[in-house]
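Notes to accompany the following structure.
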Amino acid sequence: MTGKVAEWKKVHIVMLMSLVFIGSLIVLSFIGYSDGDDAFFLEYCGSMGLGEYLKWRYETWTGRMISEAFMHIFFNANLWVWRVVNAGMLVALPIALVALKQKVLVSNSEISGSVKYGTWLVGLLMALLCYAFLDIKAFGYSAIWITGSMNYLWPMVCGIVALGIVAEVAFGTGEVSTFKYVIAWLCAVIAAMSSEQMGAVLLAFQVTCIAEKVWKKKKVRLKFVILVVVTFGAFLLSSLAPGNALRIVSAIEHNMPQFEQLKFGERFFLLVQWLISSFANENAVFLIAIWLVGILLLVFRMKDGNLTQKETLRAKGYAIVGGVFLCVAIAGKCGATRLNDIGINLAEMTGLIEQVPQVIEMSMLQWRALVWWFFAMLFTLFFLWEVSREKLLVTLTYMGAVASEVILIFSPTIYSSGERVFFLAGLMLMFIVMMLYESLPKGKVRVYYVSSLVLLGMGNLFLQAVELLGMM
């Protein structure tokens, strides 16, 4: 790459992210304090000092001390301070995602030439499409709502930054500066003490990294061990807060009074139904993107002619089955709702739920949809193993996306938490899309695929906008 081309790409990257920042700031300028949680925090944060407020919240409600500290600081500041910082976070998230991908792929000698500076522009475009792929409510509650942004968007950004440094240790030379470790320690504490989901993902990745190094008898540096201990300590401190138990009692009373009477089998059914419904609806666009790029990879693999007859038949089988799931998912997003109706017929999930969905209430069509999407999710796991170059990392990321929702089986807020709990799963699925894209042959196929993703994202936004307007 010549110096002029590199400079051209640098200018375009700066312009793109500047436009994202300005656009985010314009959107956020219309956001004010809501009547619910925002009003609550505005009142109590303004009437207590930071130490008093954090002690009260830790003892009576939550261990998420960092996000609570953020809320105390920003609810006492001018609203424009939050708007500027949140716009910065909306810019930082795609940058962190691309940086993480680059750190992971840098060890792959086959594609090392395509993961240098030149791919940042396309990488950022794809990462930004995550906002269009997300369910509009999930994005709104997690990134645009004042309280939600400090509990979801900000911890996710910090967690991904920490993951990027861990990836540099795991997939690079292992040599990371002390400054980067300090950044990782700070970001890990913020993530682990603001979001249980992000903290769990960060810990799992760190422990896997240590296990891999021990297995291969590689040196595990003390600074990395400190990072794991710091992350675990922050996660434990947050999890052991006395207020967590009181919050669960309150959630049972105000959200799901029958939670304690539910047997394990009933809770398991609610989780399975809710989980599969999220992938059939809110996360379906990400699966469409994954199946599409996977099919393209299989087609080019067969076209190369380097496969044995058995491998060719297997590739054709995966491509055909993936194509069927792809077509059904697209039809579901385009209005064929019977294909993705899993039977969660709750008029309002964020309020009091007097009667949870039951097995006997499921119609035959809903059972068929549930079974269909269960096999779609299971197939995707094997599909990713088949098409990925980084098989273990990609499949573990997919299982992590599922696990980030599964942990809510222990929570009575499985419904009342709303779509915002899908935010992390969406980010992880988008990371998979970005990883698979790097395995596509250079040339027009990449342009066509990215163009199809843009159309998919714009279509998803349009269909959801139409649905929301119809509800008004």
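- Closest approach of V14 to S18, counting heavy atoms only: O-OG, 2.6 Å.
- Formation of a donor-acceptor pair under 3.5 Å by the S195 side chain with backbone atoms of A191 is not found in this model.
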Q: Could you check V201 against F205 for side-chain contact (heavy atoms from CB on, under 4.5 Å), going step by step and ending with a plain yes or no?
A: CA-CA 6 Å; V201 169; F205 192 45; 5.5 Å; no
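- Legend: residues meeting side-chain hydrogen bond (donor to acceptor under 3.5 Å, both in side chains) with S24, ordered by chain and number and at least two apart, are absent.
- Below 30°, between 30° and 60°, or above 60°: for F139 and Y131 the angle between ring planes is between 30° and 60°, a tilted geometry.
- Here CG of L339 is found 11.0 Å from SG of C334. Values are rounded to the nearest 0.5 Å.
- Checked by atom type and distance alone, the side chain of Q197 pairs as donor or acceptor with a backbone atom of V421 at under 3.5 Å.
- A pairwise comparison of heavy atoms in I190 and C158 identifies CG2-SG, 3.6 Å as the closest pair.
- Of all non-hydrogen atoms in A425 and S404, the two that sit nearest each other are CB-OG, 3.8 Å.
- One N or O on the side chain of T208 and one on the backbone of A204 form a donor-acceptor pair closer than 3.5 Å.
- With sequence neighbours excluded, no residue forms a ring pair (Phe, Tyr, Trp, His ring centres under 6.0 Å) with Y152.
- For R314, the side-chain hydrogen bond (donor to acceptor under 3.5 Å, both in side chains) test picks out E386, with sequence neighbours left out.
- The CG atom of N460 lies 12.5 Å from the CG atom of L455; values are rounded to the nearest 0.5 Å.
- Considering only residues two or more places apart in sequence or on other chains, N340 meets the side-chain contact (heavy atoms from CB on, under 4.5 Å) condition with A280, N281, T337, W373.
- Residue S149 holds its OG atom at 10.0 Å from CD1 of I31, rounded to the nearest 0.5 Å.
- No side-chain heavy atom of E168 sits under 4.5 Å from any side-chain heavy atom of Q102.
- Remark: of the listed residues Q273, R267, E266, Q273 is the sole one forming a side chain to side chain contact (heavy atoms under 4.5 Å, CB included) with F269.
- The closest side-chain heavy-atom distance from Y449 to V433 is below 4.5 Å.
- Using the six-membered ring where Trp is involved, F133 and F286 have ring planes that are perpendicular, over 60° apart on the 30 and 60° scheme.
- Among W291, F325, Y398, the one residue that satisfies the ring-ring contact (aromatic ring centres under 6.0 Å, His included) test with F379 is F325.
- The shortest distance between side-chain heavy atoms of L326 and I288 falls below 4.5 Å.
- In this structure, the side chains of R368 and V371 stay at 4.5 Å or more apart for every pair of heavy atoms.
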Q. Do N283 and E405 pass the side-chain contact (heavy atoms from CB on, under 4.5 Å) test, and can you show the C-alpha distance, the side-chain angles, and the key distance before you say yes or no?
A. CA-CA 12 Å; N283 294 329; E405 298 183 15; 3.1 Å; yes
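- Minimum interatomic distance between A127 and V98 (heavy atoms only, all atoms of both residues): CB-CG2, 4.1 Å.
- The environment of K391 atom NZ is dense: over 12 non-hydrogen atoms of other residues, nucleotides or ligands sit within 6.0 angstrom.
- Here the closest non-hydrogen pair linking L298 and A319 is CD1-N, 3.6 Å.
- A donor and an acceptor atom, one from each side chain of N244 and E196, are nowhere located under 3.5 Å apart.
- Listed for the R301 side chain is no donor-acceptor partner under 3.5 Å among the backbone atoms of L307.
- Within the model, atoms CG of L436 and CE of M434 stand 11.5 Å from one another, a figure rounded to the nearest 0.5 Å.
- The CG atom of L424 sits 12.0 Å away from the CG atom of L153 when rounded to the nearest 0.5 Å.
- Under a cut-off of 6.0 angstrom, the local environment of CZ in F232 is sparse, with at most 12 non-hydrogen atoms contributed by other residues, nucleotides or ligands.
- In this structure, F422 has its ring center under 6.0 Å from that of W274.
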**Q.** Verdict with supporting geometry, K333 and Q464, side-chain contact (heavy atoms from CB on, under 4.5 Å)
**A.** CA-CA 10 Å; K333 296 302 291 184; Q464 290 187 86; 5.6 Å; no
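- Under the 4.5 Å side-chain criterion, counting only non-hydrogen atoms from C-beta, F431 is not in contact with L427.
- Under the rule for a side-chain hydrogen bond (donor to acceptor under 3.5 Å, both in side chains), S388 has no partner lying at least two apart in sequence or in another chain.
- Note that the CD1 atom of I136 and the CG atom of L463 stand 11.0 Å from one another [nearest 0.5 Å].
- Counted within 6.0 Å of CD on Q309, heavy atoms from surrounding residues, nucleotides or ligands total 12 or fewer; the atom is thus considered open.
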Q: Go through M377 and L275 one step at a time and tell me if the side-chain contact (heavy atoms from CB on, under 4.5 Å) criterion holds.
A: CA-CA 10 Å; M377 292 173 63; L275 174 68; 4.2 Å; yes
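- Within the 4.5 Å cutoff, no side-chain heavy atoms of Y437 are placed close to those of L453.
- Closest of all the heavy-atom pairs between M428 and G400 is CE-C, 3.5 Å.
- Here the side chains of L393 and M435 are in contact, with some heavy-atom distance below 4.5 Å.
- Using a 4.5 Å heavy-atom cutoff, the side chains of V176 and I165 are in contact.
- Taking the six-membered ring for Trp and thresholds of 30 and 60 degrees, Y141 and W145 have ring planes more than 60 degrees apart, a perpendicular arrangement.
- F279 pairs by the ring pair (Phe, Tyr, Trp, His ring centres under 6.0 Å) definition with nothing, not counting sequence neighbours.
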